[in-house]
Amino acid sequence: MAEELALLVADVFEAAGALRRAGEALAGAEGQTQARWQLMSVVSEESLPVARAARRLGVARQGVQRIANELVRDGLAEFRDNPDHRTSSMLALTPSGRRALEAITARAEAAHRAMGEGIAQADLATLRALLRRLTEQTDQWVEAEAEAEAEAGAGAKAGGVKRGTRSRAATDRLPE
C-alpha cells in the first residue's frame with residue numbers, strides 16, 4: 001500500500017505540474033499569470049483582506065501582497081476600507097479585473113472540456129472524492145506529527161522522551 005501511495009503522490013505532482021503549465025498558458029493568453037488569475041478568482045465573490053486571501057490559496061501572505069499590489073497598479077483590483085479592521089484593507093476586483101477574469105475563465109472552460117474528453121464524469125467524481133479523502137488524511141497526519149513533535153520536545157526538556165518515537169506515535173493516531 002505504501003508503495004502504491006508513493007506512486008500516486010508522484011502522479012499527483014506530475015499532474016499538478018501539467019495543470020500549472022496549462023494554467024500559465026491560459027492566463028498568459030490574457031496577459032496575466034496563473035498566480036494573478038488565482039488571486040482574482042479568490043476575491044471575485046467577495047472582497048477579502050490579503051491575509052485571508054493568502055490563507056484560502058494556501059500560500060504566504062507576502063507573495064499575495066506583492067501580487068495584489070501589481071493588480072492594483074494595473075487597474076485590475078483596488079483596496080477598499082475594511083469595516084472590521086482599519087489597517088487591513090480589502091482587495092476587490094475592478095470592472096477591468098472582472099473582464100480579465102471572465103476571459104481567462106472562458107478559456108479555462110474550453111480547455112477543461114478538451115482535457116476531460118474521454119473521461120467519464122463518474123470517474124472524475126470518484127477521483128475528486130478520493131483526492132479529498134487523501135488530502136484530509138494527509139492533513140490529519142501532519143497535525144498528528146506536529147503534536148507528537150511538540151510532545152517529544154516537551155518530554156526531552158523534562159529528560160524523558162527519546163527522539164525517533166515521533167512517527168510511530170503520530171501514525172497510531174490516524175484513522176483506519
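A donor-acceptor pair under 3.5 Å is formed between the side chain of T138 and the backbone N or O of L134. No donor-acceptor distance shorter than 3.5 angstrom exists from the side chain of N82 to the backbone of M90, with no hydrogens or angles considered.
For the residue pair R52 and L48, the shortest heavy atom distance occurs at NH1-CD2, 3.6 Å. Pairing each heavy atom of V64 with each of A53, the nearest pair is CG1-CB, 4.4 Å. Between A68 and L91 the shortest heavy-atom distance is CB-CD2, 3.8 Å. Nearest heavy-atom pair across L71 and M40 is CD1-CG, 3.9 Å. The heavy-atom pair separating P83 from D81 by the smallest distance is CD-O, 3.6 Å.
For the side chain to side chain donor-acceptor pair (under 3.5 Å) condition, the pairs that include at least one residue of residues 57-69, sequence neighbours left out, are Q65-N69, R66-E70.
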Distance-only check: which donor-acceptor pairs under 3.5 Å involve side-chain atoms of residues 17-30, not counting sequence neighbours?
unit_1	atom_1	unit_2	atom_2	d
R21	NH1	G17	O	3.3
E24	OE1	Q34	N	3.4
E24	OE2	Q34	N	3.3
E30	OE2	R107	NE	2.5
E30	OE2	R107	NH2	3.2

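Here the straight-line distance linking atom CD of E4 with atom CG of L7 works out to 5.5 Å at 0.5 Å rounding. Separation of atoms OG1 (T105) and CZ (R98) is listed at 11.0 Å; rounding is to 0.5 Å. Distance check, rounded to the nearest 0.5 Å: OG of S44 to CH2 of W37 gives 12.0 Å.
Hydrophobic clustering of Ile, Leu, Val, Met, Phe, Trp and Tyr side chains at less than 4.5 Å, counting indirect connections, unites L127 with L8.
Side-chain contact check for S89 versus R80: every heavy-atom pair is 4.5 Å or farther apart. E109 has its side chain within reach of R113: a pair of non-hydrogen atoms, C-beta onward, lies under 4.5 Å apart. Side chains of L39 and V50 form no contact here, defined as non-hydrogen atoms less than 4.5 Å apart.
For the side-chain contact (heavy atoms from CB on, under 4.5 Å) test, residues two or more places apart in sequence or in another chain that qualify with S96 are L76, T94, R99.
Heavy atoms from other residues, nucleotides or ligands lying under 6.0 Å from CZ of R128 number 12 at most.
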